[in-house]
2 protein chains.
Amino acid sequence: MYGMRAIFCNIKFKMFVKFASIIGVTMLKEERFQIILDQLGHEQKVYLGHLSTLLNVSEDTVRRDIKELADQGLLKSVRGGAVPHSPGPHHFRDRMTYDNEQKLIIAKKALQFLKNGQVVIFDGGTSALLIAQMLPKDLELTVITNSFPIASILEEHEHVEVLFAGGRLLKNSFVTIGNDAMQFFKKFRADICLLGICSIHADLGVTGPDFEESEVKRTIIESSKEVIALATTEKLGTAEAYYVCPTDRLATIITDQPDDNEEFKIYKDMGIRMV
Amino acid sequence: MYGMRAIFCNIKFKMFVKFASIIGVTMLKEERFQIILDQLGHEQKVYLGHLSTLLNVSEDTVRRDIKELADQGLLKSVRGGAVPHSPGPHHFRDRMTYDNEQKLIIAKKALQFLKNGQVVIFDGGTSALLIAQMLPKDLELTVITNSFPIASILEEHEHVEVLFAGGRLLKNSFVTIGNDAMQFFKKFRADICLLGICSIHADLGVTGPDFEESEVKRTIIESSKEVIALATTEKLGTAEAYYVCPTDRLATIITDQPDDNEEFKIYKDMGIRMV
DNA sequence: TTAGTACTTGCAATTATTTGCAACAAATGT
DNA sequence: ACATTTGTTGCAAATAATTGCAAGTACTAA
């Protein structure tokens with residue numbers, strides 16, 4: 001599993017480098033910030049040397065960037081690199097900045113599946129949130145969600161009816177969970193649901209790191225005719241402690257990679273649409 | 001579908017720009033604003049150079065445009081371009097207009113009724129919101145509410161458990177209403193509830209201007225042992241269309257005036273504590 | 001201690017931004 | 001119709017920020 005992880009890291013690495021070289025010298029400082037934070041969203045640490053080559057700037061500049069980010073409290077500067085500010089579950093507002101490049105790609109791809117008049121369940125993760133952010137203002141939907149940020153964004157969409165699942169408020173991630181939330185979802189039969197994914201494994205199915213969150217996800221899936229999974233490529237082939245659903249319950253998996261990726265074959269063979 | 005939209009937008013932009021440059025028509029500043037914001041809606045960043053060619057104006061002008069938009073808080077100006085102002089869900093936090101003196105006085109008075117370990121229902125109005133804002137960080141409460149802003153504020157209170165009522169999201173006021181919200185409140189028996197008041201009349205009871213809101217308030221009251229009403233003095237002695245509860249159901253009325261006010265006598269005689 | 005590495009500081013080259021100014025166009029008043 | 005005001009735009013010089021380099025300092029591990 002570790003090997004696979006490494007491979008994915010490399011792919012990501014190349015993407016960034018390519019990205020940087022296209023832009024050339026004219027890369028905004030903020031973009032570097034974003035990428036540094038993205039990295040820290042996945043790894044527990046970043047090295048000056050890595051970032052230097054990745055961002056195509058000198059180590060001095062990376063050092064100054066990290067210092068600036070540290071001043072904003074977004075990470076902790078340590079000798080040789082940086083680590084996340086606080087270990088464990090991050091606050092929602094911090095997590096927003098992570099992963100944007102990949103998740104933006106996913107969000108753009110996901111929009112094609114949303115049609116006027118549908119009833120859609122939005123999962124509480126950041127992937128679904130980005131989709132909500134990019135939703136065309138004229139799309140007519142009924143959205144069912146347990147995520148404060150998503151509800152908050154959709155408030156500006158005149159033609160979107162929002163049904164919010166009550167329950168116990170999970171601090172730091174701004175979603176409601178627990179029996180009440182689940183009972184709420186059970187009342188509906190949505191056309192599709194957009195499911196943020198922690199881990200997918202062809203044999204082991206969809207799994208997540210948190211028990212209650214997994215329970216909610218399971219309920220969401222049960223209440224939806226069709227499940228669209230949102231997963232960055234590195235989540236494929238990994239597994240966590242709590243079971244959500246079998247892999248073939250997913251109708252579609254949207255990733256940040258083109259659909260001709262070799263890794264996707266095993267899922268395609270199961271009849272899943274890879275996008 | 002979305003992709004197609006983006007393409008059309010681009011074509012439209014380019015056509016317009018070309019057209020403008022041939023004919024020599026100058027584009028309205030507001031059109032440029034719109035285009036810049038559109039770009040930022042899709043991408044995470046915009047470059048001065050890019051916009052300069054796209055809009056067919058000098059970089060200086062783009063810079064001034066961005067500065068103006070930044071002053072309006074619509075984006076963040078950075079060296080070399082601009083980035084979205086805040087990727088996070090700050091919407092309803094911004095709306096909290098630091099309200100008038102009266103409600104602040106009420107909020108301060110209300111704090112004395114909140115004790116460790118209580119289960120408290122917070123109504124969705126601005127009065128209750130102010131109380132939530134002023135809540136000491138070390139107070140241990142279980143709060144039940146249907147208000148996004150209140151839940152959002154209490155998220156930062158470590159010792160406050162938040163139970164959020166699901167239901168249909170009322171746009172513009174960020175509260176949930178409808179049957180689901182009411183059913184949620186009915187599950188509890190709170191120690192006290194903090195009720196924002198529209199109108200109180202000694203004979204006609206508590207009334208409000210909105211039917212569904214009144215229904216929710218009624219449910220809240222039914223689920224609470226003790227009702228604390230929050231009312232600016234001018235609301236006393238008035239009435240609205242929709243009935244909420246009889247006046248003597250209120251244990252306490254908190255107003256912005258000292259409790260020796262003459263108007264209060266009629267309520268005191270009913271056994272209501274005026275504060 | 002010693003070697004190796006990372007960090008700090010100052011500096012110069014580059015690049016972006018600010019500022020003042022003049023040309024121009026549209027709206028307004030006479 | 002004409003002059004005046006107002007606002008926008010592009011240009012250029014002054015100003016400020018960013019970046020990489022280099023010399024010196026501080027830290028870490030054997």
Side-chain angles (χ1 to χ4, degrees), chain A residues 16-40 43-85 97, chain B residues 13-40 43-85:
Chain A
F16 275 133
V17 170
K18 193 174 179 186
F19 177 70
S21 63
I22 288 173
I23 305 299
V25 243
T26 344
M27 189 182 205
L28 297 181
K29 195 171 55 160
E30 280 66 24
E31 291 181 67
R32 294 200 310 265
F33 287 3
Q34 197 69 255
I35 292 170
I36 292 172
L37 291 174
D38 278 359
Q39 290 280 307
L40 273 182
E43 317 297 324
Q44 281 305 308
K45 62 207 178 239
V46 287
Y47 297 102
L48 289 177
H50 272 177
L51 290 174
S52 172
T53 54
L54 182 65
L55 303 170
N56 214 28
V57 292
S58 75
E59 293 199 4
D60 297 77
T61 302
V62 175
R63 197 173 282 121
R64 276 182 277 234
D65 286 352
I66 285 177
K67 185 161 183 282
E68 199 166 329
L69 289 169
D71 287 343
Q72 292 178 44
L74 297 172
L75 49 72
K76 184 157 178 257
S77 171
V78 297
R79 189 183 175 83
V83 294
H85 188 253
T97 59
Chain B
F13 288 167
K14 285 173 186 165
M15 276 182 59
F16 186 82
V17 169
K18 198 171 182 184
F19 178 80
S21 65
I22 290 172
I23 308 295
V25 182
T26 43
M27 189 186 276
L28 253 47
K29 194 168 60 161
E30 279 67 25
E31 293 181 66
R32 294 202 309 267
F33 285 6
Q34 197 54 56
I35 292 170
I36 293 172
L37 291 174
D38 277 356
Q39 290 279 310
L40 268 185
E43 308 296 323
Q44 301 287 92
K45 69 256 166 188
V46 287
Y47 300 101
L48 286 177
H50 181 216
L51 288 175
S52 172
T53 55
L54 179 66
L55 303 171
N56 208 30
V57 292
S58 74
E59 293 200 2
D60 297 73
T61 302
V62 175
R63 196 173 283 119
R64 276 183 278 236
D65 286 352
I66 284 176
K67 185 158 183 262
E68 199 166 328
L69 289 169
D71 288 342
Q72 293 177 44
L74 297 170
L75 48 73
K76 186 173 172 219
S77 170
V78 299
R79 190 186 173 87
V83 294
H85 185 252

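Just so it is clear: chains get the letters A, B, ... in the order the sequence lines come, proteins before strands, and each one is counted from 1.
- As a whole-Å value, the separation of B:Glu31 CD from D:dT8 P is 14 Å.
- Where B:Glu59 and A:Val57 meet DNA chain D, the nucleotide closest to each residue was compared, and B:Glu59 sits on the side nearer the 5' end.
- Taking every heavy atom of both residues into account, A:Ile35 and A:Met27 meet most closely at CD1-CE, 3.5 Å.
- The CG atom of B:Asp71 sits 15 Å away from the C1' atom of C:dT17 (whole-angstrom rounding).
- One can place CZ of B:Phe33 at 13 Å from C1' of D:dT9, the figure rounded to the nearest angstrom.
- B:Glu68 pairs by the side chain to side chain contact (heavy atoms under 4.5 Å, CB included) definition with B:Lys29, B:Phe33, B:Gln72, not counting sequence neighbours.
- Residues A:Glu59 and A:Gly49 come closest through the heavy atom pair OE2-CA, 3.6 Å.
- The shortest distance between the side-chain N/O atoms of A:Lys29 and the OP1/OP2 oxygens of D:dT18 is below 4.0 Å.
- Non-hydrogen atoms lying under 4.0 Å from DNA chain D are contributed by B:Asp60, B:Thr61, B:Arg64, all within residues 60-69 of chain B.
- Summarising the geometry, atom CG belonging to B:Asp71 is positioned 12.0 Å from atom CD1 belonging to B:Ile66; distances are rounded to the nearest 0.5 Å.
- Rounded to the nearest 0.5 angstrom, A:Thr53 OG1 and A:Leu48 CG are separated by 11.0 Å.
- Among all heavy-atom pairs drawn from A:Glu30 and B:Val83, the shortest one is CB-CG1, 4.1 Å.
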Side-chain donor-acceptor distances from residues 74-82 of chain B under 3.5 Å, at least two apart:
none

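- Taking the nucleotide of DNA chain C with the nearest heavy atom to each of A:Leu48 and B:Ser77, the more 5' of the two is matched to A:Leu48.
- Distance CE (A:Met27) to P (C:dT15): 17 Å, rounded to an integer number of Å.
- Put simply, CZ on A:Arg63 and OG on A:Ser52 are 9.5 Å apart, with the number rounded to the nearest 0.5 Å.
- Residues A:His50 and A:Gln39 are not in side-chain contact: their nearest non-hydrogen atoms beyond the backbone lie 4.5 Å or more apart.
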5' to 3', nucleotides 23-30 of chain D under a 4.0 Å protein heavy-atom cut-off (B base, S sugar-phosphate only, - none) gives ----BS--

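- In the helix from C:dT1-D:dA30 to C:dT30-D:dA1, the rotation axis of the first five pairs and that of the last five pairs differ in direction by 40°, rounded to 10 degrees.
- Closest approach of A:Leu28 and B:Lys45 over heavy atoms only: CD1-CB, 3.8 Å.
- The separation between A:Glu30 atom CD and C:dA16 atom P is 14 Å, rounded to whole Å.
- Remark: A:Arg32 pairs with A:Asp65 by the side-chain hydrogen bond (donor to acceptor under 3.5 Å, both in side chains) rule, at least two apart or across chains.
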